[in-house]
Amino acid sequence: MKPPIFIIIMLTVISGTMIVLTTSHWLMVWIGLEMNLLAIIPILMKKHNPRATEAATKYFLTQATASMLLMMGIIINLLHSGQWAMSKNLNPMASAMMTAALAMKLGLAPFHFWVPEVTQGISMSSGLILLTWQKIAPLSVLYQISPTINPDLLLTMATMSIAIGGWGGLNQTQLRKIMAYSSIAHMGWMTAIMAYSPTMMILNLMIYITMTLATFMLFMHNSTTTVSSLSQTWNKTPLVTLLILTLMMSLGGLPPLSGFIPKWMIIQELTKNEMIMMPTLLAMTALLNLYFYMRLTYTTTLTMFPSSNNMKMKWRFEHTKKMIFLPPLIVISTMLLPLTPMLSIL
Amino acid sequence: MMTYIVFILSTIFVVSFVSFSSKPSPIYGGFGLIVAGGVGCAIVLNFGGSFLGLMVFLIYLGGMLVVFGYTTAMATEPYPEAWTSNKAVLGMFITGVLAELLTACYILKEDEVEVVFKFNGAGDWVVYDTGDSGFFSEEAMGIAALYSYGTWLVVVAGWSLFVGVLVIMEVTRGN
(Lines give C-alpha, C1' and ligand atoms only; values in the text may rest on other atoms or scores of the structure.)
Protein backbone atom coordinates (compact mmCIF):
# COMPACT_ATOMS: atom_id res chain seq x y z
CA MET A 1 0.00 0.00 0.00
CA LYS A 2 1.41 3.35 -0.90
CA PRO A 3 2.51 5.36 2.16
CA PRO A 4 0.11 8.35 1.76
CA ILE A 5 -2.88 6.04 1.45
CA PHE A 6 -1.68 3.98 4.39
CA ILE A 7 -1.34 7.12 6.51
CA ILE A 8 -4.83 8.34 5.60
CA ILE A 9 -6.35 4.97 6.39
CA MET A 10 -4.52 4.60 9.71
CA LEU A 11 -5.59 8.15 10.61
CA THR A 12 -9.18 7.18 9.94
CA VAL A 13 -8.88 4.06 12.12
CA ILE A 14 -7.44 6.15 14.95
CA SER A 15 -9.93 9.00 14.58
CA GLY A 16 -12.84 6.55 14.45
CA THR A 17 -11.86 5.20 17.85
CA MET A 18 -11.17 8.71 19.15
CA ILE A 19 -14.64 9.84 18.08
CA VAL A 20 -16.20 6.93 19.97
CA LEU A 21 -14.13 7.68 23.06
CA THR A 22 -14.81 11.41 23.22
CA THR A 23 -18.38 11.86 22.05
CA SER A 24 -21.57 12.19 24.03
CA HIS A 25 -23.99 11.76 21.12
CA TRP A 26 -25.12 8.23 20.33
CA LEU A 27 -25.12 8.80 16.59
CA MET A 28 -21.48 9.83 16.68
CA VAL A 29 -20.68 6.62 18.58
CA TRP A 30 -22.18 4.64 15.72
CA ILE A 31 -20.40 6.77 13.12
CA GLY A 32 -17.06 6.32 14.91
CA LEU A 33 -17.45 2.55 15.04
CA GLU A 34 -18.38 2.44 11.35
CA MET A 35 -15.39 4.61 10.38
CA ASN A 36 -13.17 2.27 12.35
CA LEU A 37 -14.63 -0.80 10.63
CA LEU A 38 -14.46 0.68 7.14
CA ALA A 39 -10.89 1.84 7.41
CA ILE A 40 -9.48 -1.32 8.92
CA ILE A 41 -10.64 -3.51 6.02
CA PRO A 42 -7.70 -2.63 3.70
CA ILE A 43 -5.32 -3.07 6.62
CA LEU A 44 -6.64 -6.60 7.09
CA MET A 45 -6.13 -7.18 3.39
CA LYS A 46 -2.55 -5.96 3.28
CA LYS A 47 -1.48 -9.15 1.59
CA HIS A 48 -3.82 -9.71 -1.32
CA ASN A 49 -4.44 -13.43 -1.08
CA PRO A 50 -7.81 -15.23 -0.92
CA ARG A 51 -7.31 -16.11 2.76
CA ALA A 52 -6.96 -12.46 3.70
CA THR A 53 -9.95 -11.51 1.55
CA GLU A 54 -12.03 -14.18 3.25
CA ALA A 55 -10.91 -12.98 6.68
CA ALA A 56 -11.70 -9.34 5.84
CA THR A 57 -15.12 -10.35 4.50
CA LYS A 58 -15.96 -12.32 7.64
CA TYR A 59 -14.83 -9.44 9.82
CA PHE A 60 -16.86 -6.93 7.82
CA LEU A 61 -20.06 -9.01 7.87
CA THR A 62 -20.01 -9.73 11.61
CA GLN A 63 -19.09 -6.18 12.57
CA ALA A 64 -21.71 -4.69 10.22
CA THR A 65 -24.38 -6.89 11.82
CA ALA A 66 -23.21 -5.71 15.22
CA SER A 67 -23.39 -2.07 14.06
CA MET A 68 -26.95 -2.61 12.86
CA LEU A 69 -27.93 -4.06 16.23
CA LEU A 70 -26.24 -1.14 17.97
CA MET A 71 -28.17 1.33 15.80
CA MET A 72 -31.40 -0.45 16.69
CA GLY A 73 -30.55 -0.13 20.37
CA ILE A 74 -29.70 3.56 19.91
CA ILE A 75 -33.02 4.23 18.19
CA ILE A 76 -34.98 2.39 20.88
CA ASN A 77 -33.19 4.52 23.45
CA LEU A 78 -34.15 7.60 21.42
CA LEU A 79 -37.74 6.41 21.33
CA HIS A 80 -37.95 6.02 25.08
CA SER A 81 -35.83 8.89 26.30
CA GLY A 82 -36.46 11.40 23.52
CA GLN A 83 -32.88 12.53 23.20
CA TRP A 84 -29.53 11.44 21.84
CA ALA A 85 -27.23 12.14 24.78
CA MET A 86 -25.33 9.27 26.37
CA SER A 87 -26.95 9.34 29.76
CA LYS A 88 -26.82 6.83 32.56
CA ASN A 89 -30.43 5.65 32.47
CA LEU A 90 -30.90 3.50 29.43
CA ASN A 91 -34.05 1.66 28.57
CA PRO A 92 -33.46 -2.03 29.50
CA MET A 93 -34.38 -3.25 26.01
CA ALA A 94 -31.96 -0.79 24.42
CA SER A 95 -29.28 -1.72 26.94
CA ALA A 96 -29.63 -5.45 26.18
CA MET A 97 -29.41 -4.84 22.44
CA MET A 98 -26.39 -2.60 22.77
CA THR A 99 -24.67 -5.13 25.02
CA ALA A 100 -25.27 -7.91 22.50
CA ALA A 101 -24.05 -5.70 19.67
CA LEU A 102 -20.88 -4.68 21.50
CA ALA A 103 -20.27 -8.30 22.53
CA MET A 104 -20.35 -9.20 18.83
CA LYS A 105 -17.84 -6.45 18.14
CA LEU A 106 -15.51 -7.66 20.88
CA GLY A 107 -15.67 -11.34 20.08
CA LEU A 108 -17.28 -12.51 23.31
CA ALA A 109 -18.93 -15.90 23.40
CA PRO A 110 -21.39 -16.79 21.96
CA PHE A 111 -20.27 -14.40 19.18
CA HIS A 112 -16.64 -15.50 19.19
CA PHE A 113 -16.55 -17.64 16.06
CA TRP A 114 -15.05 -14.98 13.83
CA VAL A 115 -12.04 -14.21 16.03
CA PRO A 116 -9.75 -17.20 15.32
CA GLU A 117 -10.64 -17.36 11.64
CA VAL A 118 -10.11 -13.66 10.99
CA THR A 119 -6.92 -13.50 13.05
CA GLN A 120 -5.46 -16.51 11.25
CA GLY A 121 -6.16 -15.17 7.78
CA ILE A 122 -4.34 -11.87 8.14
CA SER A 123 -0.71 -10.86 8.63
CA MET A 124 0.82 -10.68 12.10
CA SER A 125 0.82 -6.87 12.34
CA SER A 126 -2.80 -6.61 11.18
CA GLY A 127 -3.69 -9.23 13.76
CA LEU A 128 -1.98 -7.09 16.36
CA ILE A 129 -4.15 -4.07 15.48
CA LEU A 130 -7.25 -6.26 15.37
CA LEU A 131 -6.75 -7.76 18.81
CA THR A 132 -5.63 -4.63 20.66
CA TRP A 133 -6.78 -1.35 19.12
CA GLN A 134 -10.16 -2.61 17.95
CA LYS A 135 -11.14 -3.57 21.48
CA ILE A 136 -10.81 -0.06 22.85
CA ALA A 137 -13.86 1.55 21.24
CA PRO A 138 -16.52 -1.07 22.10
CA LEU A 139 -15.19 -1.40 25.65
CA SER A 140 -15.42 2.35 26.14
CA VAL A 141 -19.08 2.31 25.12
CA LEU A 142 -19.70 -0.63 27.46
CA TYR A 143 -17.94 1.32 30.22
CA GLN A 144 -20.35 4.20 29.70
CA ILE A 145 -23.50 2.05 29.78
CA SER A 146 -22.25 -0.34 32.48
CA PRO A 147 -24.67 0.83 35.23
CA THR A 148 -27.67 -0.34 33.24
CA ILE A 149 -26.48 -3.63 31.77
CA ASN A 150 -28.16 -6.77 33.03
CA PRO A 151 -25.44 -8.43 35.18
CA ASP A 152 -26.72 -11.92 34.40
CA LEU A 153 -26.21 -11.35 30.69
CA LEU A 154 -22.70 -10.03 31.25
CA LEU A 155 -21.66 -12.84 33.57
CA THR A 156 -23.06 -15.53 31.26
CA MET A 157 -21.11 -14.15 28.33
CA ALA A 158 -18.00 -13.72 30.47
CA THR A 159 -18.01 -17.28 31.81
CA MET A 160 -18.64 -18.75 28.37
CA SER A 161 -15.86 -16.62 26.88
CA ILE A 162 -13.29 -17.65 29.44
CA ALA A 163 -14.23 -21.31 29.05
CA ILE A 164 -14.23 -21.19 25.25
CA GLY A 165 -11.02 -19.15 25.18
CA GLY A 166 -9.42 -21.84 27.31
CA TRP A 167 -10.70 -24.97 25.62
CA GLY A 168 -10.52 -23.58 22.09
CA GLY A 169 -6.85 -22.71 22.33
CA LEU A 170 -5.78 -26.14 23.53
CA ASN A 171 -5.43 -27.86 20.17
CA GLN A 172 -3.81 -24.99 18.26
CA THR A 173 -0.38 -24.91 16.69
CA GLN A 174 -0.74 -21.60 14.88
CA LEU A 175 0.36 -18.64 16.98
CA ARG A 176 -2.28 -16.25 15.64
CA LYS A 177 -5.11 -18.60 16.59
CA ILE A 178 -3.58 -19.05 20.05
CA MET A 179 -3.53 -15.27 20.50
CA ALA A 180 -7.12 -15.06 19.23
CA TYR A 181 -8.35 -17.52 21.86
CA SER A 182 -6.26 -15.69 24.44
CA SER A 183 -8.08 -12.49 23.42
CA ILE A 184 -11.48 -14.16 23.82
CA ALA A 185 -10.57 -15.31 27.33
CA HIS A 186 -9.26 -11.89 28.36
CA MET A 187 -12.39 -10.19 27.03
CA GLY A 188 -14.32 -12.61 29.22
CA TRP A 189 -12.37 -11.51 32.30
CA MET A 190 -13.06 -7.87 31.43
CA THR A 191 -16.79 -8.32 31.03
CA ALA A 192 -16.99 -10.38 34.23
CA ILE A 193 -16.04 -7.39 36.33
CA MET A 194 -17.84 -4.75 34.31
CA ALA A 195 -21.10 -4.96 36.22
CA TYR A 196 -19.36 -4.41 39.55
CA SER A 197 -16.34 -2.23 38.98
CA PRO A 198 -15.71 -0.82 35.50
CA THR A 199 -12.37 0.60 36.68
CA MET A 200 -10.95 -2.92 36.93
CA MET A 201 -12.05 -3.49 33.36
CA ILE A 202 -9.93 -0.53 32.25
CA LEU A 203 -7.00 -1.89 34.27
CA ASN A 204 -7.37 -5.31 32.67
CA LEU A 205 -7.60 -3.73 29.22
CA MET A 206 -4.44 -1.70 29.68
CA ILE A 207 -2.39 -4.60 30.97
CA TYR A 208 -3.82 -6.97 28.32
CA ILE A 209 -2.91 -4.50 25.55
CA THR A 210 0.69 -4.12 26.74
CA MET A 211 1.14 -7.90 27.09
CA THR A 212 -0.43 -8.71 23.72
CA LEU A 213 1.55 -5.92 22.04
CA ALA A 214 4.80 -7.29 23.46
CA THR A 215 3.92 -10.87 22.48
CA PHE A 216 3.05 -9.96 18.92
CA MET A 217 6.21 -7.90 18.60
CA LEU A 218 8.33 -10.85 19.69
CA PHE A 219 6.56 -13.08 17.16
CA MET A 220 7.10 -10.49 14.42
CA HIS A 221 10.76 -10.17 15.37
CA ASN A 222 11.19 -13.89 14.83
CA SER A 223 8.92 -13.89 11.76
CA THR A 224 7.21 -17.02 13.07
CA THR A 225 3.61 -18.02 12.82
CA THR A 226 3.66 -21.55 14.19
CA VAL A 227 4.70 -23.07 17.47
CA SER A 228 7.26 -25.29 15.75
CA SER A 229 9.07 -22.37 14.14
CA LEU A 230 8.91 -20.45 17.41
CA SER A 231 10.76 -23.35 18.98
CA GLN A 232 13.79 -22.43 16.83
CA THR A 233 14.14 -19.07 18.59
CA TRP A 234 17.06 -20.36 20.63
CA ASN A 235 19.03 -20.34 17.41
CA LYS A 236 18.20 -16.80 16.47
CA THR A 237 18.03 -14.72 19.64
CA PRO A 238 18.43 -16.60 22.92
CA LEU A 239 17.30 -13.53 24.87
CA VAL A 240 13.91 -13.67 23.17
CA THR A 241 13.34 -17.15 24.59
CA LEU A 242 13.65 -15.74 28.10
CA LEU A 243 11.29 -12.90 27.23
CA ILE A 244 8.75 -15.35 25.85
CA LEU A 245 8.95 -17.30 29.09
CA THR A 246 8.17 -14.27 31.23
CA LEU A 247 5.55 -12.93 28.84
CA MET A 248 3.66 -16.20 28.59
CA MET A 249 3.65 -16.60 32.34
CA SER A 250 2.38 -13.04 32.63
CA LEU A 251 -0.37 -13.70 30.08
CA GLY A 252 -1.35 -16.77 32.07
CA GLY A 253 -1.82 -14.60 35.12
CA LEU A 254 0.88 -15.95 37.40
CA PRO A 255 2.27 -13.89 40.26
CA PRO A 256 4.76 -12.17 40.63
CA LEU A 257 4.24 -10.90 37.09
CA SER A 258 1.95 -8.05 36.06
CA GLY A 259 -0.54 -10.36 34.38
CA PHE A 260 -1.57 -11.32 37.89
CA ILE A 261 -2.74 -7.78 38.77
CA PRO A 262 -6.04 -7.79 36.82
CA LYS A 263 -6.92 -11.33 37.87
CA TRP A 264 -6.22 -10.53 41.50
CA MET A 265 -8.21 -7.30 41.43
CA ILE A 266 -11.12 -8.92 39.59
CA ILE A 267 -11.33 -11.84 42.01
CA GLN A 268 -11.14 -9.38 44.90
CA GLU A 269 -13.97 -7.25 43.50
CA LEU A 270 -16.11 -10.29 42.80
CA THR A 271 -15.65 -11.66 46.32
CA LYS A 272 -16.44 -8.25 47.76
CA ASN A 273 -19.79 -8.60 45.97
CA GLU A 274 -20.39 -11.94 47.70
CA MET A 275 -19.78 -14.19 44.74
CA ILE A 276 -17.68 -17.18 45.69
CA MET A 277 -18.35 -19.87 43.09
CA MET A 278 -18.01 -17.48 40.15
CA PRO A 279 -14.40 -16.33 40.70
CA THR A 280 -13.43 -19.90 41.61
CA LEU A 281 -14.88 -21.11 38.31
CA LEU A 282 -13.22 -18.29 36.36
CA ALA A 283 -9.83 -18.92 37.97
CA MET A 284 -10.04 -22.65 37.30
CA THR A 285 -10.96 -22.21 33.64
CA ALA A 286 -8.14 -19.70 33.28
CA LEU A 287 -5.83 -22.63 33.97
CA LEU A 288 -6.70 -23.97 30.53
CA ASN A 289 -5.23 -20.80 29.08
CA LEU A 290 -2.15 -21.28 31.21
CA TYR A 291 -1.70 -24.76 29.76
CA PHE A 292 -1.19 -23.61 26.20
CA TYR A 293 0.99 -20.70 27.28
CA MET A 294 3.07 -23.29 29.15
CA ARG A 295 3.25 -25.36 26.00
CA LEU A 296 4.62 -22.37 24.08
CA THR A 297 7.13 -21.75 26.85
CA TYR A 298 8.16 -25.40 26.95
CA THR A 299 8.86 -25.62 23.24
CA THR A 300 10.55 -22.25 23.06
CA THR A 301 12.49 -21.69 26.24
CA LEU A 302 12.69 -24.82 28.29
CA THR A 303 13.70 -27.32 25.64
CA MET A 304 15.87 -27.15 22.55
CA PHE A 305 14.01 -28.90 19.82
CA PRO A 306 16.04 -30.87 17.27
CA SER A 307 16.72 -29.03 14.04
CA SER A 308 18.79 -29.50 10.94
CA ASN A 309 22.32 -28.15 10.96
CA ASN A 310 21.74 -25.19 8.69
CA MET A 311 19.17 -23.89 11.12
CA LYS A 312 21.76 -23.58 13.82
CA MET A 313 23.52 -20.63 12.21
CA LYS A 314 20.76 -18.04 12.47
CA TRP A 315 22.36 -16.20 15.38
CA ARG A 316 25.26 -15.20 13.20
CA PHE A 317 23.13 -12.80 11.18
CA GLU A 318 22.04 -9.28 12.03
CA HIS A 319 18.42 -8.83 12.99
CA THR A 320 16.58 -6.99 10.25
CA LYS A 321 13.34 -6.23 12.05
CA LYS A 322 13.38 -3.14 14.19
CA MET A 323 11.13 -3.54 17.18
CA ILE A 324 10.93 -0.10 18.71
CA PHE A 325 9.65 0.37 22.23
CA LEU A 326 9.93 -3.35 22.93
CA PRO A 327 12.11 -3.19 26.10
CA PRO A 328 9.79 -0.78 27.96
CA LEU A 329 6.80 -2.86 26.91
CA ILE A 330 8.37 -6.05 28.26
CA VAL A 331 9.17 -4.32 31.53
CA ILE A 332 5.60 -3.03 31.84
CA SER A 333 4.10 -6.42 31.00
CA THR A 334 6.15 -8.33 33.52
CA MET A 335 7.34 -6.15 36.35
CA LEU A 336 4.42 -3.97 37.30
CA LEU A 337 3.09 -5.99 40.23
CA PRO A 338 4.81 -4.05 43.06
CA LEU A 339 3.14 -0.90 41.74
CA THR A 340 -0.38 -2.23 42.27
CA PRO A 341 -1.21 0.29 45.04
CA MET A 342 -0.89 2.97 42.36
CA LEU A 343 -4.28 1.73 41.22
CA SER A 344 -5.80 4.50 43.26
CA ILE A 345 -5.02 6.93 40.47
CA LEU A 346 -7.58 5.24 38.20
CA MET B 1 -58.04 7.02 3.54
CA MET B 2 -55.62 9.90 3.70
CA THR B 3 -55.15 9.31 7.38
CA TYR B 4 -53.83 5.84 6.63
CA ILE B 5 -51.64 6.87 3.72
CA VAL B 6 -48.39 6.74 5.69
CA PHE B 7 -49.29 3.31 7.01
CA ILE B 8 -49.98 1.96 3.52
CA LEU B 9 -46.82 3.53 2.13
CA SER B 10 -44.68 2.06 4.89
CA THR B 11 -46.14 -1.40 4.20
CA ILE B 12 -45.19 -1.06 0.53
CA PHE B 13 -41.74 0.17 1.70
CA VAL B 14 -41.19 -3.00 3.72
CA VAL B 15 -42.46 -5.24 0.90
CA SER B 16 -40.00 -3.66 -1.56
CA PHE B 17 -37.19 -4.20 0.97
CA VAL B 18 -38.26 -7.83 1.18
CA SER B 19 -38.14 -8.02 -2.60
CA PHE B 20 -34.44 -7.27 -2.74
CA SER B 21 -33.56 -8.97 0.53
CA SER B 22 -34.72 -12.27 -0.91
CA LYS B 23 -31.58 -12.03 -3.03
CA PRO B 24 -32.54 -12.08 -6.69
CA SER B 25 -29.97 -10.92 -9.20
CA PRO B 26 -28.85 -7.29 -8.58
CA ILE B 27 -30.78 -6.00 -11.58
CA TYR B 28 -34.07 -7.05 -10.05
CA GLY B 29 -32.85 -5.93 -6.66
CA GLY B 30 -32.20 -2.50 -8.12
CA PHE B 31 -35.82 -2.36 -9.21
CA GLY B 32 -36.85 -3.04 -5.63
CA LEU B 33 -34.56 -0.22 -4.52
CA ILE B 34 -36.19 2.19 -6.98
CA VAL B 35 -39.65 1.39 -5.63
CA ALA B 36 -38.37 1.68 -2.06
CA GLY B 37 -36.79 5.05 -2.85
CA GLY B 38 -39.94 6.40 -4.42
CA VAL B 39 -42.18 5.22 -1.61
CA GLY B 40 -39.71 6.47 1.02
CA CYS B 41 -39.80 9.87 -0.66
CA ALA B 42 -43.60 9.84 -0.40
CA ILE B 43 -43.45 8.98 3.31
CA VAL B 44 -41.06 11.86 3.97
CA LEU B 45 -43.29 14.15 1.92
CA ASN B 46 -46.26 13.27 4.09
CA PHE B 47 -44.40 14.55 7.13
CA GLY B 48 -43.80 17.87 5.44
CA GLY B 49 -40.24 17.30 4.32
CA SER B 50 -40.56 18.25 0.69
CA PHE B 51 -36.89 19.18 0.26
CA LEU B 52 -35.61 15.90 1.68
CA GLY B 53 -38.08 13.86 -0.35
CA LEU B 54 -36.95 15.40 -3.59
CA MET B 55 -33.36 14.97 -2.43
CA VAL B 56 -34.04 11.20 -2.24
CA PHE B 57 -35.12 11.23 -5.87
CA LEU B 58 -32.28 13.40 -7.08
CA ILE B 59 -29.28 12.08 -5.17
CA TYR B 60 -30.26 8.58 -4.14
CA LEU B 61 -32.22 7.41 -7.17
CA GLY B 62 -30.72 9.74 -9.74
CA GLY B 63 -27.12 9.53 -8.57
CA MET B 64 -26.27 6.51 -6.50
CA LEU B 65 -28.75 4.06 -7.95
CA VAL B 66 -27.83 5.06 -11.52
CA VAL B 67 -24.17 4.29 -10.79
CA PHE B 68 -25.24 1.02 -9.21
CA GLY B 69 -27.28 0.21 -12.31
CA TYR B 70 -24.30 0.87 -14.57
CA THR B 71 -21.97 -1.33 -12.52
CA THR B 72 -24.58 -4.09 -12.45
CA ALA B 73 -24.94 -3.81 -16.21
CA MET B 74 -21.18 -4.27 -16.52
CA ALA B 75 -21.40 -7.51 -14.52
CA THR B 76 -24.46 -9.13 -16.12
CA GLU B 77 -24.88 -12.85 -16.41
CA PRO B 78 -26.84 -14.64 -19.15
CA TYR B 79 -29.56 -16.03 -16.83
CA PRO B 80 -30.13 -13.64 -13.96
CA GLU B 81 -31.98 -15.02 -10.97
CA ALA B 82 -35.47 -13.57 -10.68
CA TRP B 83 -37.98 -14.05 -7.91
CA THR B 84 -39.60 -17.00 -9.66
CA SER B 85 -36.38 -18.70 -10.73
CA ASN B 86 -35.92 -21.06 -7.84
CA LYS B 87 -37.77 -22.03 -4.71
CA ALA B 88 -35.25 -20.35 -2.39
CA VAL B 89 -35.80 -16.80 -3.59
CA LEU B 90 -39.54 -17.30 -4.03
CA GLY B 91 -39.80 -18.85 -0.58
CA MET B 92 -37.95 -15.99 1.08
CA PHE B 93 -40.02 -13.43 -0.76
CA ILE B 94 -43.31 -15.06 0.19
CA THR B 95 -42.21 -15.45 3.83
CA GLY B 96 -41.29 -11.79 4.05
CA VAL B 97 -44.49 -10.60 2.43
CA LEU B 98 -46.60 -12.88 4.62
CA ALA B 99 -44.89 -11.64 7.78
CA GLU B 100 -45.48 -8.03 6.78
CA LEU B 101 -49.13 -8.66 5.85
CA LEU B 102 -49.77 -10.43 9.14
CA THR B 103 -48.15 -7.57 11.07
CA ALA B 104 -50.20 -5.04 9.14
CA CYS B 105 -53.49 -6.89 9.79
CA TYR B 106 -52.58 -7.26 13.46
CA ILE B 107 -51.83 -3.53 13.71
CA LEU B 108 -55.11 -2.60 12.06
CA LYS B 109 -57.19 -4.88 14.28
CA GLU B 110 -55.64 -4.32 17.69
CA ASP B 111 -54.78 -1.04 19.27
CA GLU B 112 -51.30 -1.91 20.38
CA VAL B 113 -48.58 -4.13 18.98
CA GLU B 114 -45.58 -5.19 21.00
CA VAL B 115 -42.95 -6.96 18.91
CA VAL B 116 -39.66 -5.42 20.01
CA PHE B 117 -41.10 -2.28 21.43
CA LYS B 118 -44.64 -1.09 21.83
CA PHE B 119 -46.11 0.98 19.12
CA ASN B 120 -49.66 2.13 19.26
CA GLY B 121 -51.31 0.33 16.41
CA ALA B 122 -52.03 2.49 13.44
CA GLY B 123 -51.91 5.61 15.55
CA ASP B 124 -48.17 6.13 15.21
CA TRP B 125 -48.18 5.68 11.48
CA VAL B 126 -51.01 8.11 10.87
CA VAL B 127 -50.04 11.66 10.03
CA TYR B 128 -51.12 14.16 12.59
CA ASP B 129 -50.04 17.53 13.76
CA THR B 130 -47.43 17.05 16.44
CA GLY B 131 -47.80 20.40 17.98
CA ASP B 132 -46.90 23.97 17.51
CA SER B 133 -43.93 24.16 15.20
CA GLY B 134 -44.34 27.83 14.52
CA PHE B 135 -44.20 29.38 11.11
CA PHE B 136 -41.02 27.63 10.06
CA SER B 137 -40.93 24.26 8.41
CA GLU B 138 -39.28 21.80 10.83
CA GLU B 139 -37.49 20.08 8.01
CA ALA B 140 -35.87 23.26 6.77
CA MET B 141 -34.80 24.09 10.31
CA GLY B 142 -33.27 20.63 10.62
CA ILE B 143 -31.28 20.99 7.42
CA ALA B 144 -30.08 24.42 8.51
CA ALA B 145 -29.04 22.96 11.89
CA LEU B 146 -26.96 20.34 10.09
CA TYR B 147 -24.74 23.05 8.67
CA SER B 148 -24.66 25.27 11.75
CA TYR B 149 -24.67 23.12 14.90
CA GLY B 150 -23.73 20.00 13.06
CA THR B 151 -20.59 21.18 11.30
CA TRP B 152 -18.50 18.46 12.95
CA LEU B 153 -20.99 15.85 11.76
CA VAL B 154 -20.73 17.12 8.19
CA VAL B 155 -16.91 17.00 8.39
CA VAL B 156 -16.91 13.45 9.79
CA ALA B 157 -19.50 12.22 7.29
CA GLY B 158 -17.64 13.79 4.37
CA TRP B 159 -14.34 12.31 5.54
CA SER B 160 -15.92 8.86 5.98
CA LEU B 161 -17.32 8.93 2.45
CA PHE B 162 -13.94 9.99 1.05
CA VAL B 163 -12.14 7.26 2.97
CA GLY B 164 -14.83 4.82 1.78
CA VAL B 165 -13.77 5.43 -1.79
CA LEU B 166 -10.08 5.07 -0.85
CA VAL B 167 -10.85 1.78 0.92
CA ILE B 168 -12.70 0.45 -2.13
CA MET B 169 -9.76 1.36 -4.34
CA GLU B 170 -7.32 -0.39 -2.00
CA VAL B 171 -9.42 -3.52 -1.61
CA THR B 172 -9.97 -3.98 -5.33
CA ARG B 173 -6.36 -3.22 -6.20
CA GLY B 174 -5.42 -6.88 -6.31
CA ASN B 175 -1.64 -6.70 -6.07
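Keep in mind that the numbers below use all heavy atoms, side chains included, and drop hydrogens, waters and symmetry copies. Chain letters run A, B, ... following the sequence lines, proteins first, then strands; residues in each count from 1. Keep in mind that this is a model prediction, so the values were computed, not measured.
Interface residue A:Ile19: only side-chain heavy atoms are found under 4.5 Å from chain B.
Of all the heavy atoms in A:Leu38 and B:Gly164, the pair that sits closest is CD2-CA, 3.6 Å. The shortest non-hydrogen separation linking A:Ala39 to B:Val167 is CA-CG2, 4.1 Å.
With sequence neighbours left out, the side chain to side chain donor-acceptor pair (under 3.5 Å) criterion links A:Ser126 to A:Ser123. Applying the side chain to side chain donor-acceptor pair (under 3.5 Å) rule to A:Thr17 yields the partners A:Asn36, A:Trp133; only residues at least two apart in sequence or on another chain are considered.
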Show every donor-acceptor pair shorter than 3.5 Å between a side-chain atom in residues 145-154 of chain B and any protein atom, with sequence neighbours excluded, or say none if there are none.
{"unit_1": "B:Ser148", "atom_1": "OG", "unit_2": "B:Ala144", "atom_2": "O", "d": "3.2"}
{"unit_1": "B:Thr151", "atom_1": "OG1", "unit_2": "B:Ser148", "atom_2": "O", "d": "3.0"}

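At a heavy-atom cut-off of under 4.5 Å, chain A is reached by no residue from residues 72-101 of chain B.
Taking CD from B:Glu170 and CE from A:Met1, the interatomic distance works out to 4.5 Å, rounded to the nearest 0.5 Å.
For A:Ile324, the CD1 atom is loosely surrounded, since the number of other residues' heavy atoms within 6.0 Å does not exceed 12.
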